There are 4 protein chains.
Amino acid sequence: MTYRRSPLMEERLANNRDRILMATRKLVAEGGFREAQVAAVAAVAGVSTGMIYRYFSSKAELFVEVLGVAVEQEINILTGIATGPGAAGERLDAAVTCFVRRALTGPNLAYAFIAEPADPEVDTARIRYRKKFGDVFKAILIDGIEKGELPDQDAEASAACVVGAFTEALVGPIGPAARNTHDKERLVQSIRMFCLRAVGSFSK
Amino acid sequence: MTYRRSPLMEERLANNRDRILMATRKLVAEGGFREAQVAAVAAVAGVSTGMIYRYFSSKAELFVEVLGVAVEQEINILTGIATGPGAAGERLDAAVTCFVRRALTGPNLAYAFIAEPADPEVDTARIRYRKKFGDVFKAILIDGIEKGELPDQDAEASAACVVGAFTEALVGPIGPAARNTHDKERLVQSIRMFCLRAVGSFSK
Amino acid sequence: MTYRRSPLMEERLANNRDRILMATRKLVAEGGFREAQVAAVAAVAGVSTGMIYRYFSSKAELFVEVLGVAVEQEINILTGIATGPGAAGERLDAAVTCFVRRALTGPNLAYAFIAEPADPEVDTARIRYRKKFGDVFKAILIDGIEKGELPDQDAEASAACVVGAFTEALVGPIGPAARNTHDKERLVQSIRMFCLRAVGSFSK
Amino acid sequence: MTYRRSPLMEERLANNRDRILMATRKLVAEGGFREAQVAAVAAVAGVSTGMIYRYFSSKAELFVEVLGVAVEQEINILTGIATGPGAAGERLDAAVTCFVRRALTGPNLAYAFIAEPADPEVDTARIRYRKKFGDVFKAILIDGIEKGELPDQDAEASAACVVGAFTEALVGPIGPAARNTHDKERLVQSIRMFCLRAVGSFSK
DNA sequence: CATGAATGAGAATTCATTCAT
DNA sequence: TATGAATGAATTCTCATTCAT
């Protein structure tokens with residue numbers, strides 16, 4: 001008698017995969033890639049180390065996917081804003097504000113951005129994911145420039161600068177200082193204004 | 001007849017330390033801290049591994065100093081510009097332009113910004129060094145705001161954003177794409193304009 | 001069908017730990033802590049070096065446990081004698097004789113006494129373990145003094161001297177010379193008489 | 001013109017040798033063989049590391065000689081007592097008391113006795129030196145036994161036990177606890193009485 | 001299928017000894 | 001002769017990955 005993969009087992013498999021991803025994300029968020037050793041991930045996920053290799057061919061692949069999942073979530077939200085109605089300046093405003101606020105809420109994504117690639121593979125992915133963020137902003141910028149709402153500029157570079165600006169502001173020296181809600185909101189506004197002025201959108 | 005330390009010996013000593021630092025810098029620039037293992041550094045520097053520990057008490061200390069040397073060079077140049085004559089906007093312009101141009105010239109500084117903390121010790125230093133850069137820009141901003149040349153803003157946050165903006169633009173997805181002189185100059189101008197608009201300085 | 005940890009697996013686990021301990025003990029007994037490098041222990045135990053760190057967090061911890069296991073065995077036996085019936089002098093007699101005889105039988109304990117602290121951690125443990133031996137003898141002495149069976153004396157110091165006396169006699173210059181059974185028994189009697197006279201118990 | 005070894009140079013050589021020995025002794029006394037690295041010895045002695053190898057072919061040889069010098073000093077004093085006038089019991093009394101008192105005075109010799117051989121070579125020497133001490137006591141014992149002053153016993157074993165007894169009492173768990181003069185004198189008396197009772201000399 | 005024990009290739013660091021100057 | 005910079009073998013410890021059960 002052989003084992004057939006029952007629907008139930010499928011679900012357990014999916015659950016396992018998710019739990020591994022979540023465990024990894026948790027560990028990376030808390031202590032960087034350094035703390036996300038395979039054994040630790042397995043322990044947090046409640047699976048064996050061997051199990052991890054059923055779903056991911058290597059630790060690097062696991063990391064890449066963790067980054068991917070985190071990025072996708074944010075990209076979806078931002079894209080919703082970017083493709084919505086309203087003037088380019090307003091959409092940019094909303095996108096920047098949303099992104100910064102979410103990043104400050106939990107150490108879920110921001111850390112993953114600077115967290116060093118434990119692997120060249122992860123490095124490559126990291127660059128790719130940052131570009132995805134830039135693309136969302138770039139789209140808004142191009143739209144705004146075409147419609148004359150924004151001054152002419154290198155949309156590609158500006159978009160990268162926007163991403164870099166809040167990355168630095170979030171994870172750099174001034175980031176961790178913002179602990180209470182008041183400080184956080186102040187930081188959100190500072191970054192927001194900076195970026196808006198930077199792209200020439202004076203929505204005030 | 002007594003033995004005196006000959007100039008040649010002095011030079012060799014200095015050369016060793018410097019060669020170790022240069023070798024480390026080279027390796028970090030090329031492949032990140034990951035590639036700068038003690039054995040590799042020793043090989044590139046043309047010394048034995050033990051030699052490295054004559055000059056640096058640990059690998060972390062070596063890394064910290066490599067970062068420090070690179071940062072100090074740039075800080076000195078930027079500070080010269082920041083404390084010089086001219087309107088705040090002009091000095092900011094010059095500082096940003098200079099910084100970006102130098103970063104694009106060689107892999108001398110840029111890597112220091114993303115390079116992940118192989119060590120908590122290095123991490124701490126890295127944050128500190130980034131802050132140093134921010135402080136130079138912050139000084140110009142505060143000066144400009146006081147004199148009414150720049151709009152009121154959170155100088156601390158803006159400075160961090162400026163640093164982040166060109167960090168991302170330099171080492172992020174669009175950075176490596178700029179290979180020839182023409183592309184590079186275009187990138188310099190893009191980042192420059194972005195930052196100037198961002199702080200409200202429309203020197204055009 | 002679920003997987004259960006088979007008895008065989010349990011045994012192999014226990015075996016590994018024990019084999020590591022035994023291998024360490026063997027190497028320390030033969031060549032001191034110096035010879036018990038992690039790689040050597042692994043080789044003798046028939047495991048990989050990494051395996052050792054599954055059971056012991058550091059080499060020092062391994063050494064401490066090796067000492068501890070050896071000491072505990074002996075302490076248990078001695079305590080049984082010390083807390084048994086009979087006059088203090090007789091119990092002391094039995095304890096000393098038993099201890100010395102066992103030490104001469106195999107290189108199981110004696111080495112633990114001289115073996116130098118390869119590590120401050122091990123040093124601390126070594127002192128502690130020696131004190132444990134002293135305490136067994138001290139208890140007998142105090143009992144004998146109280147009951148008037150033994151002359152008044154510093155029980156603490158006398159106990160330490162007893163431990164030192166046979167340590168030296170066992171591992172010192174005269175120890176290894178005693179190869180055959182006859183010599184050994186003669187040594188046992190010599191040490192026994194020395195210690196009994198020393199504490200004032202002339203059971204003859 | 002070649003250099004001829006002047007008397008002055010001879011003296012400097014001798015001085016160097018002595019300074020190296022003293023430096024080693026100091027370091028061993030303070031921190032065990034572990035702390036007496038060649039570089040440290042050189043620094044304390046005020047010579048270069050290379051200099052050390054002019055006088056000692058290896059570190060082990062240096063250690064052996066340091067032990068030897070320390071032992072010789074003590075042996076001389078003890079022999080003076082042992083070969084002097086008086087009853088065997090009295091001479092033994094004086095020898096033990098002298099030895100223990102001197103050992104407690106400074107951490108000069110006692111430590112060297114248990115301090116683990118950094119080298120098999122040192123190990124061998126250490127055993128040999130301990131035997132030398134035993135021989136002094138053995139001589140007194142044999143004398144006393146022959147003259148009927150002491151009960152018949154295995155002089156060799158008893159001598160080893162005496163050495164072991166105060167070694168343990170000095171460097172074991174109760175040793176370092178005795179800090180002030182009062183405690184020390186009490187320890188001296190305790191060890192003294194123990195040893196005298198042990199060899200059957202009740203000089204009280 | 002699921003486990004987690006086992007592996008072993010690295011990586012950092014130390015220090016006795018040598019030898020060019 | 002004297003120096004101390006330089007060497008590099010040796011040692012401990014880590015952790016991704018595999019595979020017998």
Side-chain angles (χ1 to χ4, degrees), chain A residues 2-5 9 12-13 16 34 36-43 47-54 56-60 62 118-119, chain B residues 1-6 8-9 12-13 16 34 36-42 46-60 62 118-119, chain C residues 1-6 8-9 12-13 16-17 34 37-42 46-60 62 118-119, chain D residues 2-5 9 12-13 16 34 36-43 47-54 56-60 62 118-119:
Chain A
T2 54
Y3 290 89
R4 235 164 331 133
R5 192 175 287 179
M9 290 177 80
R12 279 197 52 199
L13 279 180
N16 271 345
R34 171 179 318 285
Q37 300 117 339
V38 175
V41 169
V47 301
S48 67
T49 58
M51 187 88 283
I52 289 174
Y53 288 86
R54 290 194 66 71
F56 306 93
S57 68
S58 73
K59 196 178 74 153
L62 170 60
D119 252 292
Chain B
M1 178 192 177
T2 54
Y3 287 84
R4 236 168 326 140
R5 191 178 288 174
S6 74
L8 195 65
M9 289 175 81
R12 279 200 50 200
L13 275 179
N16 265 344
R34 167 178 323 285
Q37 298 125 341
V38 174
V41 169
V47 300
S48 66
T49 59
M51 187 85 290
I52 289 174
Y53 289 89
R54 173 174 290 276
Y55 299 105
F56 305 94
S57 67
S58 72
K59 197 178 70 153
L62 171 60
D119 244 293
Chain C
M1 177 191 177
T2 55
Y3 288 83
R4 232 163 334 133
R5 191 179 288 174
S6 76
L8 197 65
M9 289 174 82
R12 280 200 51 199
L13 275 179
N16 265 343
R17 196 170 202 280
R34 165 177 327 285
Q37 299 123 342
V38 175
V41 169
V47 300
S48 65
T49 59
M51 187 84 291
I52 288 173
Y53 290 89
R54 172 174 291 277
Y55 298 105
F56 306 94
S57 67
S58 71
K59 197 179 71 151
L62 171 59
D119 243 292
Chain D
T2 56
Y3 289 90
R4 232 161 335 129
R5 193 176 286 178
M9 289 178 82
R12 279 197 53 201
L13 279 179
N16 271 344
R34 171 178 317 286
Q37 300 117 339
V38 174
V41 168
V47 301
S48 67
T49 59
M51 187 88 284
I52 288 175
Y53 287 86
R54 290 193 65 70
F56 306 93
S57 68
S58 73
K59 195 178 75 153
L62 170 60
D119 251 291

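All values reported here derive from a predicted model rather than from experimental measurement. In what follows, every chain begins at residue 1, and chains take the letters A, B, ... in the order their sequences are listed. Side chains are part of it too, since the values below use all heavy atoms of this structure and drop only hydrogens, waters and symmetry mates.
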Using whole Å, report how far OH of Tyr55(B) lies from C1' of dT7(F). 13 Å
In whole angstrom, give the distance that lies between atom CG of Asn16(C) and atom C1' of dT21(F). 15 Å
Can you identify which nucleotide, out of dG8(E), dC15(F), dT1(F), has its nearest atom closest to the Gln37(A) side chain? dC15(F)
Using whole Å, report how far OH of Tyr53(C) lies from C1' of dG10(E). 14 Å
Which nucleotide in dA6(E), dA6(F), dT3(E) has an atom nearest any side-chain atom of Ser48(A): dT3(E)
What is the separation between atom NZ on Lys59(A) and atom P on dT14(F), rounded to the nearest whole Å? 15 Å
Let me know the distance between CZ of Arg54(D) and P of dA2(F), rounded to the nearest Å. 6 Å
Interatomic spacing from CZ in Arg54(C) to CZ in Arg17(C) - rounded to 0.5 Å: 12.5 Å
So which atom in Ala39(A) and which in Thr49(A) form the shortest heavy-atom distance, rounded to 0.1 Å? CA-CG2, 4.0 Å
Contact nearer the 5' end of DNA chain F, comparing Ser58(C) with Ala36(A): Ser58(C)
Which of dT17(F), dT13(E), dA5(F) is nearest the side chain of Thr49(B)? It is dT13(E)
Under 3.5 Å for both donor-acceptor distances, Watson-Crick or wobble: does dA20(E) have a partner, and if so which one? dT3(F)
Val38(D), nearest nucleotide to its side chain (from dA16(E), dG8(E), dT18(F)): dA16(E)
For dG10(E), what is the paired nucleotide under Watson-Crick or G-U wobble rules, both distances under 3.5 Å? dC13(F)
Between Ala39(A) and Gly46(B), which is nearer to the 5' end of DNA chain F once each is assigned its nearest nucleotide? Gly46(B)
Separation of dG8(E) P from Ile52(C) CD1 (nearest whole Å): 13 Å
In terms of heavy-atom contacts, Val38(A) and Ile52(A) come closest through O-CD1, 3.7 Å
Contact class for Val47(B) vs. all strands (heavy atom < 4.0 Å): base, sugar-phosphate, or nothing? sugar-phosphate
Take atom CE of Met51(B) and atom P of dT14(E), then tell me their distance rounded to the nearest Å. 14 Å
Going by purine N1 to pyrimidine N3 plus the second Watson-Crick contact, or the G-U wobble pair, all under 3.5 Å, which nucleotide sits opposite dG8(F)? dC15(E)
Report the residue (Gly50(C) or Ala60(B)) whose heavy-atom-nearest nucleotide on DNA chain E is the more 5′ of the two. Gly50(C)
Rounded to the nearest Å, what distance is computed from the CZ atom of residue Arg34(B) to the P atom of nucleotide dG10(E)? 14 Å
